[in-house]
Amino acid sequence: MASPSARTPLAEQVEELLAADGPLPIVSAGDPVLRRPAESYDGQLAPELLARFVQALRVTMRTAPGVGLAAVQVGVGLRIAVIEDPAPVPEEVRVARERVPQPFRVLVNPSYEPVGARRAAFFEGCLSVPGWQAVVARHAEVRLRARDEHGRAVDEVFTGWPARIVQHETDHLDGVLYVDRAEPRSLASNEAMAARWTQPTPEAAARALGFELPG
Ligand code: ZN
C-alpha cells in the first residue's frame, strides 16, 4: 500500500491521462503494455483518483462502444477493468449466445477459474485489435474472484456471454489477447462479418472457413 502522500509513477501517469476531458485513447496490439502482466492494485491510486480513473474507463468503454475495457488498454498497467453490456441483440442471438444484460461493474485484481467443463465458441472482437473478429472457445461458466471499486470482495459465478467478457478482460490483465486463444482460420474482417457471419452461432463460418468448434 503506497503512502497517501507519495505520488506513485502510476498515479502521475493516470493524472496526466485524465488531464484531457473525454474518452481516453485506446492502445492497440503491438504496444508492449498489452503483453505485460499488470500490477495488482494496492493503493497506487488514491481513492479520489481511482474513482476518476474508473469513470474515465466507463466513458471510454461506452464511447467506443465496447462491453468491457481493461486499464492496460489505455496504457495503464494496473489490474483494473470495467464491464457493462446492455445486450441490445435479437432474441435468437440472446438465446444462442446466452447474452443477457450485464450491469456496469468494476473488477479490481480479478482472477477466474472454470466451473464445469462446458465450452462455448463464438466470434468476439477487441477494441485493441480494431477491424477484426475471430472465434474463441471459452469456458461457458467461470468463478470470478476480485474486489470492487470500494475494496469489497467479489466472489461470483458468471455464465454465458458475461462469462466471456470476464475472461476476455481478465486475460488482458495477464498480457493475453483474444487472438492468442482464437481459431486462426476463423479470422474475419468486420466487413466480412457484416456481409456473411451475422448468424447467432459460428457453425456456418466453421464449415466455410474450415475450423473446428468444440463439442
Ligand atoms: Zn479486448
Side-chain angles (χ1 to χ4, degrees), residues 9-10 13-14 16-18 20 22-41 53-54 56-85 97 99 102 106-112 119-139 142 144 146 161-198 202 205-206 209-213:
L10 277 162
Q13 185 195 356
V14 170
E16 215 162 285
L17 269 180
L18 299 183
L24 305 172
I26 295 177
V27 303
S28 53
D31 190 317
V33 73
L34 292 170
R35 291 312 199 171
R36 285 192 292 260
E39 263 181 52
S40 289
Y41 173 76
F53 181 50
V54 161
L57 288 175
R58 184 180 197 172
V59 168
T60 306
M61 170 177 66
R62 284 181 169 179
T63 304
V67 297
L69 187 69
V72 293
Q73 292 183 274
V74 297
V76 175
L78 273 177
R79 288 188 76 84
I80 297 173
V82 294
I83 63 175
E84 180 180 44
D85 185 12
R97 301 182 194 170
R99 187 165 169 184
Q102 173 61 52
V106 181
L107 312 181
V108 176
N109 298 340
S111 64
Y112 68 83
R119 293 174 73 78
F122 292 103
F123 277 101
E124 67 181 69
C126 177
L127 296 173
S128 294
V129 190
W132 298 92
Q133 298 183 47
V135 170
V136 186
R138 292 192 181 273
H139 307 298
V142 293
L144 168 77
W161 206 261
R164 177 169 299 268
I165 299 171
V166 161
Q167 290 168 81
H168 181 118
E169 299 312 326
T170 303
D171 283 355
H172 267 304
L173 302 175
D174 293 324
V176 172
L177 293 175
Y178 86 96
V179 292
D180 304 350
R181 303 193 188 280
E183 296 294 335
R185 293 183 64 103
S186 71
L187 185 67
S189 68
N190 284 349
E191 292 74 22
M193 285 298 299
R196 297 172 182 276
W197 309 126
T198 55
L209 301 177
F211 61 90
E212 299 282 329
L213 291 172

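Computed from a prediction, not measured in an experiment: that's the story for all the values here.
- Residues Tyr178 and Gln133 come closest through the heavy atom pair OH-CA, 3.6 Å.
- The two residues Gln73 and Leu127 come nearest to each other via the heavy atoms NE2-CB, 4.0 Å.
- Of the listed residues (Val74, Val106, Leu10), just one forms a side chain to side chain contact (heavy atoms under 4.5 Å, CB included) with Phe53, and that residue is Val74.
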task: Go through His139 and Tyr112 one step at a time and tell me if the side chain to side chain contact (heavy atoms under 4.5 Å, CB included) criterion holds.
output: CA-CA 10 Å; His139 307 298; Tyr112 68 83; 4.1 Å; yes
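- Listed by chain and number, the residues in a side chain to side chain donor-acceptor pair (under 3.5 Å) with Thr170 amount to none (sequence neighbours excluded).
- Nearest approach of Val72 to His172, heavy atoms of both residues: CG2-O, 3.7 Å.
- Of all heavy-atom pairs spanning Val59 and Gly22, the tightest one is CG1-C, 4.5 Å.
- Not counting sequence neighbours, Glu183 has no partner by the side chain to side chain donor-acceptor pair (under 3.5 Å) test.
- Here CG of Leu144 is found 5.5 Å from CG of Leu107. Values are rounded to the nearest 0.5 Å.
- Residues passing the salt bridge (charged side-chain N to carboxylate O under 4.0 Å, His left out) test with Arg35, sequence neighbours excluded: Asp180.
- Two residues are said to be in side-chain contact when any heavy atoms from C-beta on lie closer than 4.5 Å; Pro202 and Leu213 meet this criterion.
- The aromatic rings of Phe211 and Phe123 sit perpendicular, their planes meeting at an angle over 60°, well past the 30° parallel limit.
- The backbone N or O of Gly75 sits less than 3.5 Å from a side-chain atom of Gln13, completing a donor-acceptor pair.
- Distance CG/Leu78 to OG/Ser40: 9.0 Å, rounded to 0.5 Å.
- Considering every non-hydrogen atom in both Ala137 and Arg119, the closest pair reads O-NH2, 3.0 Å.
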field: Test log, rule side chain to side chain contact (heavy atoms under 4.5 Å, CB included), inputs Trp132 and Val179
entry: CA-CA 10 Å; Trp132 298 92; Val179 292; over 6 Å; no
Show which side-chain atoms of residues 24-31 pair as donor or acceptor with protein atoms under 3.5 Å away, not counting sequence neighbours.
| from | atom 1 | to | atom 2 | distance (Å) |
| --- | --- | --- | --- | --- |
| Asp31 | OD1 | Val33 | N | 2.9 |

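- The main-chain N or O of Tyr41 is found under 3.5 Å from a side-chain atom of Asn109 such that the two form a donor-acceptor pair.
- Remark: the backbone N or O of Ala163 is paired with a side-chain donor or acceptor of Gln167 at under 3.5 angstrom.
- Residues in residues 161-172 take part in these salt bridge (charged side-chain N to carboxylate O under 4.0 Å, His left out) pairs, two or more places apart or across chains: Glu124-Arg164, Arg138-Asp171, Asp171-Arg181.
- Remark: the backbone N or O of Leu173 is paired with a side-chain donor or acceptor of Arg79 at under 3.5 angstrom.
- At distances below 3.5 Å, at least one donor-acceptor pair connects side-chain atoms of Thr60 with backbone N or O atoms of Ala56.
- When all heavy atoms are compared, the tightest approach of Ala81 to Ala70 is CB-CA, 3.9 Å.
- Judged as a salt bridge (charged side-chain N to carboxylate O under 4.0 Å, His left out), the pairs with a partner in residues 59-76 (not counting sequence neighbours) are, in order, Arg62-Glu84.
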